[in-house]
2 protein chains.
Amino acid sequence: MSSAAVRDRMLAAGQRITRQRDVVAGVLERARRPLGAGEICDAVTTSDPDVGRATVFRTLHSLVAAEIVQRVTLAGGQSGYLLCAADGHHHHLVCTSCGRTTDLPEAVVAPFLSRVEETHGFTVDHSSFDVHGRCADCR
Amino acid sequence: MSSAAVRDRMLAAGQRITRQRDVVAGVLERARRPLGAGEICDAVTTSDPDVGRATVFRTLHSLVAAEIVQRVTLAGGQSGYLLCAADGHHHHLVCTSCGRTTDLPEAVVAPFLSRVEETHGFTVDHSSFDVHGRCADCR
DNA sequence: ACCTATACTGATACTGCATCTCAATACGGA
DNA sequence: TCCGTATTGAGATGCAGTATCAGTATAGGT
(Lines give C-alpha, C1' and ligand atoms only; values in the text may rest on other atoms or scores of the structure.)
Protein backbone atom coordinates (compact mmCIF):
# COMPACT_ATOMS: atom_id res chain seq x y z
CA MET A 1 0.00 0.00 0.00
CA SER A 2 1.35 3.43 -0.95
CA SER A 3 1.31 6.52 1.20
CA ALA A 4 -1.13 8.01 -1.28
CA ALA A 5 -3.54 5.16 -0.71
CA VAL A 6 -3.40 5.66 3.04
CA ARG A 7 -4.01 9.38 2.63
CA ASP A 8 -7.01 8.69 0.43
CA ARG A 9 -8.46 6.36 2.99
CA MET A 10 -7.92 8.90 5.76
CA LEU A 11 -9.60 11.61 3.69
CA ALA A 12 -12.46 9.23 2.91
CA ALA A 13 -12.86 8.79 6.67
CA GLY A 14 -13.18 12.58 7.04
CA GLN A 15 -9.73 13.07 8.56
CA ARG A 16 -7.28 15.79 7.76
CA ILE A 17 -3.86 14.99 6.40
CA THR A 18 -1.06 16.36 8.50
CA ARG A 19 2.68 15.92 8.56
CA GLN A 20 2.38 14.03 11.87
CA ARG A 21 -0.13 11.55 10.54
CA ASP A 22 2.02 10.99 7.49
CA VAL A 23 4.92 10.13 9.77
CA VAL A 24 2.90 7.64 11.81
CA ALA A 25 1.37 6.02 8.74
CA GLY A 26 4.82 5.88 7.12
CA VAL A 27 6.29 4.04 10.08
CA LEU A 28 3.54 1.42 9.95
CA GLU A 29 3.84 1.10 6.17
CA ARG A 30 7.55 0.43 6.28
CA ALA A 31 7.20 -2.15 9.07
CA ARG A 32 4.88 -4.57 7.24
CA ARG A 33 4.30 -6.27 10.55
CA PRO A 34 2.53 -5.31 13.81
CA LEU A 35 4.45 -2.79 15.91
CA GLY A 36 4.15 -2.24 19.64
CA ALA A 37 3.41 1.21 21.04
CA GLY A 38 7.01 1.66 22.11
CA GLU A 39 8.39 0.73 18.72
CA ILE A 40 6.03 3.15 17.03
CA CYS A 41 6.92 6.02 19.35
CA ASP A 42 10.63 5.39 18.84
CA ALA A 43 10.36 5.14 15.07
CA VAL A 44 8.22 8.26 14.87
CA THR A 45 10.66 10.21 17.03
CA THR A 46 13.54 9.05 14.83
CA SER A 47 11.66 10.10 11.73
CA ASP A 48 10.55 13.42 13.15
CA PRO A 49 11.43 14.38 16.73
CA ASP A 50 8.78 17.09 16.78
CA VAL A 51 5.83 14.71 16.85
CA GLY A 52 4.38 14.39 20.34
CA ARG A 53 3.45 11.17 22.05
CA ALA A 54 -0.18 12.17 22.44
CA THR A 55 -0.40 12.78 18.72
CA VAL A 56 0.99 9.34 17.96
CA PHE A 57 -1.71 7.69 20.06
CA ARG A 58 -4.42 9.98 18.74
CA THR A 59 -3.39 9.14 15.21
CA LEU A 60 -3.36 5.42 15.94
CA HIS A 61 -6.81 5.78 17.43
CA SER A 62 -8.07 7.58 14.33
CA LEU A 63 -6.52 5.01 12.04
CA VAL A 64 -8.09 2.19 14.03
CA ALA A 65 -11.48 3.93 13.94
CA ALA A 66 -11.15 4.28 10.16
CA GLU A 67 -10.24 0.58 9.96
CA ILE A 68 -6.98 1.47 8.24
CA VAL A 69 -5.01 0.07 11.17
CA GLN A 70 -5.96 -2.86 13.37
CA ARG A 71 -4.96 -3.49 16.92
CA VAL A 72 -3.78 -7.08 17.27
CA THR A 73 -2.52 -9.07 20.19
CA LEU A 74 1.11 -10.10 19.92
CA ALA A 75 2.62 -13.31 21.25
CA GLY A 76 3.56 -11.83 24.63
CA GLY A 77 0.04 -10.57 25.22
CA GLN A 78 0.94 -6.96 24.45
CA SER A 79 -1.04 -5.18 21.79
CA GLY A 80 0.41 -4.17 18.47
CA TYR A 81 -0.73 -1.97 15.62
CA LEU A 82 -0.88 -3.26 12.08
CA LEU A 83 -1.47 -1.38 8.85
CA CYS A 84 -3.87 -3.46 6.78
CA ALA A 85 -3.89 -3.62 3.02
CA ALA A 86 -7.47 -4.87 3.00
CA ASP A 87 -10.35 -2.58 3.81
CA GLY A 88 -12.76 -3.21 6.64
CA HIS A 89 -12.63 -5.51 9.57
CA HIS A 90 -10.87 -8.80 9.10
CA HIS A 91 -8.71 -11.28 10.98
CA HIS A 92 -5.05 -12.27 10.95
CA LEU A 93 -2.64 -15.08 11.45
CA VAL A 94 0.47 -13.90 13.27
CA CYS A 95 3.71 -15.82 12.75
CA THR A 96 5.55 -16.20 16.04
CA SER A 97 8.80 -16.64 14.17
CA CYS A 98 9.01 -13.85 11.59
CA GLY A 99 6.29 -11.64 13.02
CA ARG A 100 4.55 -11.22 9.70
CA THR A 101 0.79 -11.45 9.39
CA THR A 102 -1.52 -13.08 6.90
CA ASP A 103 -5.07 -12.00 6.28
CA LEU A 104 -7.68 -14.60 7.01
CA PRO A 105 -10.26 -14.74 4.18
CA GLU A 106 -13.82 -13.97 5.12
CA ALA A 107 -14.80 -17.24 3.41
CA VAL A 108 -13.10 -19.14 6.23
CA VAL A 109 -14.30 -16.97 9.10
CA ALA A 110 -17.94 -16.36 8.17
CA PRO A 111 -19.12 -19.98 8.32
CA PHE A 112 -17.50 -20.35 11.72
CA LEU A 113 -19.28 -17.30 13.10
CA SER A 114 -22.58 -18.43 11.58
CA ARG A 115 -22.19 -21.76 13.27
CA VAL A 116 -21.53 -20.01 16.59
CA GLU A 117 -24.63 -17.85 16.21
CA GLU A 118 -26.81 -20.84 15.35
CA THR A 119 -25.49 -23.09 18.08
CA HIS A 120 -25.67 -20.56 20.92
CA GLY A 121 -28.41 -18.16 19.92
CA PHE A 122 -25.73 -15.50 20.17
CA THR A 123 -25.66 -12.36 18.02
CA VAL A 124 -22.08 -11.53 17.12
CA ASP A 125 -21.33 -7.80 17.17
CA HIS A 126 -17.60 -7.89 16.94
CA SER A 127 -14.99 -10.57 16.85
CA SER A 128 -11.25 -10.61 16.83
CA PHE A 129 -9.15 -13.71 16.59
CA ASP A 130 -5.58 -13.99 17.68
CA VAL A 131 -4.11 -16.97 15.97
CA HIS A 132 -0.41 -17.42 16.65
CA GLY A 133 1.79 -20.04 15.04
CA ARG A 134 4.35 -20.59 12.34
CA CYS A 135 3.70 -19.52 8.79
CA ALA A 136 4.41 -21.70 5.77
CA ASP A 137 7.78 -19.97 5.17
CA CYS A 138 9.01 -20.43 8.71
CA ARG A 139 8.22 -24.08 9.16
CA MET B 1 -17.33 -24.06 40.86
CA SER B 2 -16.74 -24.24 44.58
CA SER B 3 -13.78 -22.80 46.43
CA ALA B 4 -12.73 -26.36 47.21
CA ALA B 5 -12.59 -27.19 43.52
CA VAL B 6 -10.38 -24.19 42.85
CA ARG B 7 -8.09 -25.16 45.71
CA ASP B 8 -7.82 -28.68 44.36
CA ARG B 9 -6.88 -27.38 40.96
CA MET B 10 -4.27 -25.08 42.44
CA LEU B 11 -2.78 -27.95 44.44
CA ALA B 12 -2.81 -30.11 41.32
CA ALA B 13 -0.79 -27.38 39.63
CA GLY B 14 1.78 -27.57 42.43
CA GLN B 15 0.77 -24.30 44.05
CA ARG B 16 0.37 -23.60 47.73
CA ILE B 17 -2.96 -22.52 49.16
CA THR B 18 -2.80 -19.28 51.03
CA ARG B 19 -5.33 -16.91 52.51
CA GLN B 20 -4.45 -14.34 49.83
CA ARG B 21 -5.04 -16.73 46.97
CA ASP B 22 -8.34 -17.77 48.49
CA VAL B 23 -9.39 -14.13 48.53
CA VAL B 24 -8.47 -13.57 44.89
CA ALA B 25 -10.11 -16.80 43.75
CA GLY B 26 -13.19 -15.98 45.82
CA VAL B 27 -13.57 -12.60 44.13
CA LEU B 28 -13.43 -14.20 40.69
CA GLU B 29 -15.82 -16.96 41.73
CA ARG B 30 -18.46 -14.57 42.97
CA ALA B 31 -18.22 -12.39 39.87
CA ARG B 32 -19.15 -15.05 37.30
CA ARG B 33 -17.98 -12.69 34.61
CA PRO B 34 -14.59 -11.30 33.54
CA LEU B 35 -13.22 -8.64 35.86
CA GLY B 36 -10.73 -5.92 35.01
CA ALA B 37 -7.52 -5.52 37.00
CA GLY B 38 -8.91 -2.51 38.84
CA GLU B 39 -12.12 -4.28 39.80
CA ILE B 40 -10.17 -7.22 41.14
CA CYS B 41 -7.83 -5.05 43.21
CA ASP B 42 -10.77 -3.14 44.66
CA ALA B 43 -12.77 -6.26 45.49
CA VAL B 44 -9.76 -7.95 47.05
CA THR B 45 -9.01 -4.91 49.18
CA THR B 46 -12.64 -4.79 50.32
CA SER B 47 -12.53 -8.46 51.21
CA ASP B 48 -9.19 -8.27 52.93
CA PRO B 49 -7.27 -4.98 53.08
CA ASP B 50 -4.04 -6.76 53.97
CA VAL B 51 -3.54 -8.35 50.56
CA GLY B 52 -0.95 -6.45 48.55
CA ARG B 53 -1.23 -5.42 44.93
CA ALA B 54 1.78 -7.44 43.88
CA THR B 55 0.23 -10.55 45.37
CA VAL B 56 -3.00 -10.02 43.45
CA PHE B 57 -1.12 -9.88 40.16
CA ARG B 58 1.15 -12.76 41.09
CA THR B 59 -1.90 -14.84 41.98
CA LEU B 60 -3.64 -13.97 38.73
CA HIS B 61 -0.49 -14.94 36.88
CA SER B 62 -0.35 -18.29 38.68
CA LEU B 63 -4.02 -18.96 38.05
CA VAL B 64 -3.60 -18.15 34.37
CA ALA B 65 -0.54 -20.42 34.16
CA ALA B 66 -2.57 -23.23 35.76
CA GLU B 67 -5.36 -22.55 33.23
CA ILE B 68 -7.80 -21.98 36.07
CA VAL B 69 -8.26 -18.38 35.00
CA GLN B 70 -8.16 -17.02 31.46
CA ARG B 71 -7.28 -13.57 30.33
CA VAL B 72 -9.88 -12.31 27.89
CA THR B 73 -10.31 -9.11 25.98
CA LEU B 74 -13.30 -7.04 27.00
CA ALA B 75 -15.43 -4.87 24.73
CA GLY B 76 -13.39 -1.71 25.31
CA GLY B 77 -10.17 -3.48 24.43
CA GLN B 78 -9.04 -3.77 28.06
CA SER B 79 -8.17 -7.18 29.33
CA GLY B 80 -10.16 -9.02 31.95
CA TYR B 81 -9.70 -12.11 34.06
CA LEU B 82 -12.25 -14.90 34.03
CA LEU B 83 -12.50 -17.94 36.28
CA CYS B 84 -13.32 -20.89 34.03
CA ALA B 85 -15.40 -23.86 35.06
CA ALA B 86 -13.89 -25.96 32.29
CA ASP B 87 -10.33 -27.21 32.47
CA GLY B 88 -7.72 -26.40 29.88
CA HIS B 89 -7.60 -23.82 27.15
CA HIS B 90 -10.85 -22.93 25.51
CA HIS B 91 -12.66 -19.96 24.01
CA HIS B 92 -15.53 -17.73 25.07
CA LEU B 93 -18.44 -15.69 23.90
CA VAL B 94 -18.72 -12.46 25.86
CA CYS B 95 -22.12 -10.79 26.13
CA THR B 96 -21.80 -7.02 25.73
CA SER B 97 -25.02 -6.54 27.62
CA CYS B 98 -24.82 -8.65 30.79
CA GLY B 99 -21.09 -9.32 30.69
CA ARG B 100 -21.49 -13.02 31.19
CA THR B 101 -19.49 -15.51 29.19
CA THR B 102 -20.29 -18.77 27.49
CA ASP B 103 -17.76 -21.48 26.75
CA LEU B 104 -17.31 -22.30 23.11
CA PRO B 105 -17.27 -26.08 22.57
CA GLU B 106 -14.11 -27.52 21.08
CA ALA B 107 -16.31 -29.22 18.50
CA VAL B 108 -17.04 -25.82 16.96
CA VAL B 109 -13.54 -24.38 17.19
CA ALA B 110 -11.41 -27.34 16.11
CA PRO B 111 -12.77 -27.68 12.57
CA PHE B 112 -12.24 -23.98 12.05
CA LEU B 113 -8.60 -24.13 13.14
CA SER B 114 -8.02 -27.23 11.01
CA ARG B 115 -9.40 -25.42 8.01
CA VAL B 116 -7.05 -22.50 8.71
CA GLU B 117 -4.04 -24.80 8.96
CA GLU B 118 -4.93 -26.57 5.72
CA THR B 119 -5.70 -23.44 3.75
CA HIS B 120 -2.63 -21.46 4.77
CA GLY B 121 -0.02 -24.07 5.61
CA PHE B 122 0.06 -22.44 9.01
CA THR B 123 0.81 -24.32 12.24
CA VAL B 124 -1.37 -22.97 15.03
CA ASP B 125 0.44 -22.73 18.38
CA HIS B 126 -2.05 -20.71 20.32
CA SER B 127 -5.32 -19.06 19.53
CA SER B 128 -7.66 -16.83 21.43
CA PHE B 129 -10.93 -15.59 20.08
CA ASP B 130 -12.74 -12.56 21.33
CA VAL B 131 -16.32 -12.83 20.23
CA HIS B 132 -18.53 -10.04 21.55
CA GLY B 133 -22.27 -9.82 21.08
CA ARG B 134 -25.58 -10.40 22.77
CA CYS B 135 -26.38 -13.70 24.41
CA ALA B 136 -29.68 -15.54 24.01
CA ASP B 137 -31.03 -14.10 27.28
CA CYS B 138 -30.22 -10.50 26.44
CA ARG B 139 -31.68 -10.36 22.98
C1' DA C 1 3.06 -31.74 67.06
C1' DC C 2 7.31 -29.92 65.54
C1' DC C 3 10.90 -28.54 62.13
C1' DT C 4 12.72 -26.95 58.05
C1' DA C 5 13.27 -25.74 53.23
C1' DT C 6 11.35 -22.76 50.38
C1' DA C 7 7.36 -20.81 48.19
C1' DC C 8 4.97 -16.92 49.13
C1' DT C 9 4.03 -12.10 50.72
C1' DG C 10 3.83 -6.75 51.32
C1' DA C 11 5.53 -2.18 50.70
C1' DT C 12 7.27 0.56 47.59
C1' DA C 13 9.44 2.17 43.64
C1' DC C 14 9.40 1.82 38.90
C1' DT C 15 8.26 0.86 33.78
C1' DG C 16 5.31 1.27 29.93
C1' DC C 17 1.02 2.27 27.65
C1' DA C 18 -2.45 5.45 27.13
C1' DT C 19 -5.46 9.54 28.11
C1' DC C 20 -6.53 14.45 29.45
C1' DT C 21 -6.02 19.44 29.39
C1' DC C 22 -5.46 23.66 27.19
C1' DA C 23 -3.34 27.19 24.77
C1' DA C 24 -1.17 27.48 20.28
C1' DT C 25 -1.11 26.02 15.47
C1' DA C 26 -2.09 24.39 10.89
C1' DC C 27 -5.35 22.46 7.55
C1' DG C 28 -8.44 23.07 3.78
C1' DG C 29 -12.76 24.91 1.95
C1' DA C 30 -14.78 29.33 0.44
C1' DT D 1 -6.16 34.90 1.29
C1' DC D 2 -9.15 34.28 5.27
C1' DC D 3 -11.52 31.82 8.76
C1' DG D 4 -13.59 28.08 11.40
C1' DT D 5 -12.24 24.24 13.39
C1' DA D 6 -9.71 20.00 13.63
C1' DT D 7 -5.33 19.04 15.18
C1' DT D 8 -1.14 19.51 17.90
C1' DG D 9 2.65 19.47 21.88
C1' DA D 10 4.04 19.46 26.53
C1' DG D 11 3.41 17.76 30.64
C1' DA D 12 0.60 15.90 34.21
C1' DT D 13 -1.97 12.01 35.33
C1' DG D 14 -3.95 7.37 35.55
C1' DC D 15 -3.83 2.54 35.21
C1' DA D 16 -1.78 -2.15 34.46
C1' DG D 17 1.82 -4.75 35.58
C1' DT D 18 6.76 -5.85 37.29
C1' DA D 19 11.11 -5.78 40.31
C1' DT D 20 13.23 -5.96 44.73
C1' DC D 21 14.04 -7.83 49.07
C1' DA D 22 13.60 -8.71 53.78
C1' DG D 23 10.26 -11.09 56.41
C1' DT D 24 6.53 -14.78 56.83
C1' DA D 25 3.69 -18.83 56.30
C1' DT D 26 2.94 -23.26 54.08
C1' DA D 27 3.51 -28.19 53.02
C1' DG D 28 5.52 -32.22 53.95
C1' DG D 29 8.71 -35.10 56.42
C1' DT D 30 9.75 -36.94 61.17
Side-chain angles (χ1 to χ4, degrees), chain A residues 3 6-8 10-25 27-28 34-45 47-66 68-82, chain B residues 4 6-25 27-28 34-66 68-82:
Chain A
S3 297
V6 174
R7 279 201 294 272
D8 288 348
M10 291 177 73
L11 284 172
Q15 296 176 359
R16 291 185 181 172
I17 305 304
T18 65
R19 174 178 56 85
Q20 293 88 341
R21 292 182 176 182
D22 256 355
V23 172
V24 174
V27 164
L28 290 169
L35 293 181
E39 290 177 295
I40 296 174
C41 286
D42 288 351
V44 166
T45 301
S47 237
D48 182 339
D50 296 332
V51 176
R53 227 205 350 277
T55 300
V56 173
F57 282 102
R58 270 186 299 236
T59 301
L60 288 172
H61 200 266
S62 303
L63 291 170
V64 168
I68 298 169
V69 164
Q70 276 193 39
R71 209 169 157 171
V72 301
T73 303
L74 304 181
Q78 317 99 315
S79 62
Y81 297 85
L82 174 67
Chain B
V6 174
R7 278 201 294 272
D8 288 348
R9 291 164 74 188
M10 290 176 74
L11 284 172
Q15 296 175 0
R16 290 186 181 173
I17 306 303
T18 65
R19 176 179 54 86
Q20 293 87 343
R21 292 183 176 184
D22 257 355
V23 171
V24 174
V27 164
L28 290 170
L35 294 181
E39 287 177 297
I40 296 174
C41 287
D42 288 350
V44 166
T45 300
T46 302
S47 237
D48 182 340
D50 296 331
V51 177
R53 271 171 56 80
T55 300
V56 173
F57 282 103
R58 270 186 300 237
T59 300
L60 289 172
H61 200 268
S62 303
L63 291 170
V64 168
I68 297 170
V69 164
Q70 277 194 36
R71 208 169 159 173
V72 302
T73 303
L74 305 181
Q78 317 99 317
S79 61
Y81 297 86
L82 175 65

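This is a predicted model, so every value here is computed, not measured. Naming: A, B, ... by sequence-line order, numbering from 1 per chain.
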Does Arg16(A) offer a backbone N or O that forms a donor-acceptor pair with the side chain of Arg21(A) under 3.5 Å?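 Yes.
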Are any side-chain N or O atoms of Gln15(A) and backbone N or O atoms of Ser62(A), one a donor and one an acceptor, separated by less than 3.5 Å?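 Yes, Gln15(A) side chain to Ser62(A) backbone: donor-acceptor pair under 3.5 Å.
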Would you call [X] and [Y] a side-chain contact if the rule is heavy atoms closer than 4.5 Å?
| X | Y | answer |
| --- | --- | --- |
| Ile17(A) | Met10(A) | yes |
| Val56(B) | Gln20(B) | no |
| Leu74(B) | Val72(B) | yes |
| Leu28(B) | Leu35(B) | yes |
| Arg19(A) | Val51(A) | yes |

Return the value, rounded to whole Å, for the distance between atom [atom1] of [X] and atom [atom2] of [N].
| X | N | atom1 | atom2 | value |
| --- | --- | --- | --- | --- |
| Tyr81(B) | dC15(D) | OH | C1' | 12 Å |
| Arg21(B) | dA25(D) | CZ | C1' | 12 Å |
| Arg7(B) | dA27(D) | CZ | C1' | 15 Å |
| Arg58(B) | dA16(D) | CZ | C1' | 15 Å |
| Phe57(B) | dT20(D) | CZ | P | 18 Å |
| Gln15(A) | dA6(D) | CD | C1' | 11 Å |
| Glu39(B) | dC15(D) | CD | C1' | 13 Å |
| Leu74(B) | dC15(D) | CG | C1' | 15 Å |

Which is true for Ala54(B) with a 4.0 Å heavy-atom rule: it touches a base, it touches only sugar-phosphate, or it touches nothing?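 The residue Ala54(B) makes base contact.
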Classify Arg53(B) by what it touches in the nucleic acid, base, sugar-phosphate, or nothing, heavy-atom distance under 4.0 Å.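 Counting heavy atoms under 4.0 Å across all strands, the contact made by Arg53(B) includes a base.
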Want to settle it: does Ala37(B) or Gln20(A) sit nearer the 5' end of DNA chain D, counting the closest nucleotide to each?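 Between the two, 5'-proximity favours Gln20(A).
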Assign each of Arg19(A) and Arg19(B) to its nearest nucleotide of DNA chain D by heavy atoms, then name whichever residue's nucleotide is nearer the 5' end.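 Nearest nucleotide further toward 5': that of Arg19(A).
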For a quick test of reading the model: is some side-chain N or O of Thr55(A) closer than 4.0 Å to OP1 or OP2 of dT7(D)?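 Negative; the distance criterion is not met.
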Nucleotide nearest Arg16(A) (side chain, heavy atoms from C-beta), chosen from dA16(D), dG4(D), dA19(D):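 Of all the options, the side chain of Arg16(A) is nearest to dG4(D).
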Could you list where the contact with chain A starts and ends along DNA chain C, reading 5' to 3', using a 4.0 Å heavy-atom cut-off?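 Nucleotide range with atoms under 4.0 Å of chain A: dC17(C) to dG28(C).
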